[in-house]
Amino acid sequence: MSRAGVMLLALDTAGPFCAVALATLEDGKINCHARREVEIGRGHAERLFPLIEECLADASATYSDLTAVATTLGPGSFTGIRIGVAAARGLALALQIPALGVDVLEALCEGVRHGEAAHRAAGLVAAILDAGRGNVFLRMEEISSREEIIASQREVQDEAAAFLAPYAFEGLVLCGAGANGIAGMLAADGLPAIVADARPSADIAMVARLALSGHAVSPPRPLYLRPPDAKPQTDKSLRRRLKTS
């Protein structure tokens with residue numbers, strides 16, 4: 001593959017998929033030349049680099065052809081996010097190229113923005129993912145301008161539905177694995193909402209598109225919107241363990 005233009009390696013390990021794409025920006029046009037995606041739940045560290053190498057081979061490219069690398073920052077799995085960020089920063093350091101980070105919820109919104117014409121014509125898009133324990137991750141944007149209406153955050157599901165309710169008659173499109181649940185809650189109150197898709201992860205091509213179009217942060221840092229499940233041990237629990245050891 002020619003080295004002309006910007007050649008980006010995009011990674012997503014934040015959710016149940018391990019996904020890789022190779023995309024270029026040439027003359028203002030974004031092209032996705034190769035992509036690999038497997039649903040694995042866990043084990044991203046073992047699968048990520050083999051998928052990268054397969055993707056490069058599919059595009060007849062090598063690591064030396066890369067001019068940037070981007071990864072999803074979350075929200076999602078703590079372990080998965082760390083794997084993607086570490087891989088992107090490691091590759092960037094080794095290859096002396098920029099490392100970028102993309103919010104998963106922004107990438108989900110971007111998928112609607114470049115999806116069906118009916119969805120693109122709508123006014124607002126809200127990305128919703130399950131955050132566990134009755135909570136969701138939520139973000140809302142204006143479709144045409146990308147204006148942030150609700151910043152990426154973690155909310156109780158009922159409160160998220162309440163936040164979105166005032167926008168229901170402005171052409172509201174929902175996406176992400178939590179979209180159906182919120183749509184049902186809005187419908188119970190007689191409020192309309194279209195579910196564009198219910199993906200548990202962002203489309204890797206949309207991750208690449210955001211990074212190549214300047215909608216990314218650098219350097220990439222994990223985006224944690226909820227506390228970790230593992231809790232630090234208290235002095236009392238430590239003393240108990242010492243007595244029994």
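All of these numbers come straight from a predicted model, not from anything done at the bench.
- For Glu37, the side-chain contact (heavy atoms from CB on, under 4.5 Å) criterion is met by Phe17, Ala19, Arg35, Arg199, not counting sequence neighbours.
- Around the CZ atom of Arg89, the shell of radius 6.0 Å holds more than 12 heavy atoms that belong to other residues, nucleotides or ligands.
- For the pair Leu100 and Ser218, the tightest heavy-atom approach, listed with the atom from each and the gap, is CD2-CB, 3.8 Å.
- In this structure, the separation between CD1 on Ile182 and CG on Asp158 is 8.0 Å, given to the nearest 0.5 Å.
- Among Leu51, Thr71, Ile83, the one residue that satisfies the side-chain contact (heavy atoms from CB on, under 4.5 Å) test with Leu11 is Thr71.
- Across Leu73, Leu225, Leu223, Val217, a single residue satisfies side-chain contact (heavy atoms from CB on, under 4.5 Å) together with Asp103, and that is Leu223.
- Side-chain contact between Glu110 and Glu141 is absent, with no heavy-atom pair separated by less than 4.5 Å.
- Applying the side-chain hydrogen bond (donor to acceptor under 3.5 Å, both in side chains) rule to Ser144 yields the partners Glu142; only residues at least two apart in sequence or on another chain are considered.
- Atom CG in Asp65 sits 8.5 Å away from atom CG in Leu22 (nearest 0.5 Å).
- For Glu39, there are no salt bridge (Lys or Arg N to Asp or Glu O under 4.0 Å) partners, not counting sequence neighbours.
- Between Arg36 and Glu54 there is a salt bridge, since a side-chain N of the basic residue sits under 4.0 Å from a carboxylate O of the acidic one.
- Taking a cutoff of 4.0 Å between a charged side-chain nitrogen and a carboxylate oxygen, Lys29 and Glu26 do not qualify as a salt bridge.
- Under 3.5 Å, the side chains of Ser77 and Thr79 contain no donor-acceptor pair of N or O atoms.
- Surrounding CD of Glu148 are more than 12 heavy atoms belonging to other residues, nucleotides or ligands, all under 6.0 Å away.
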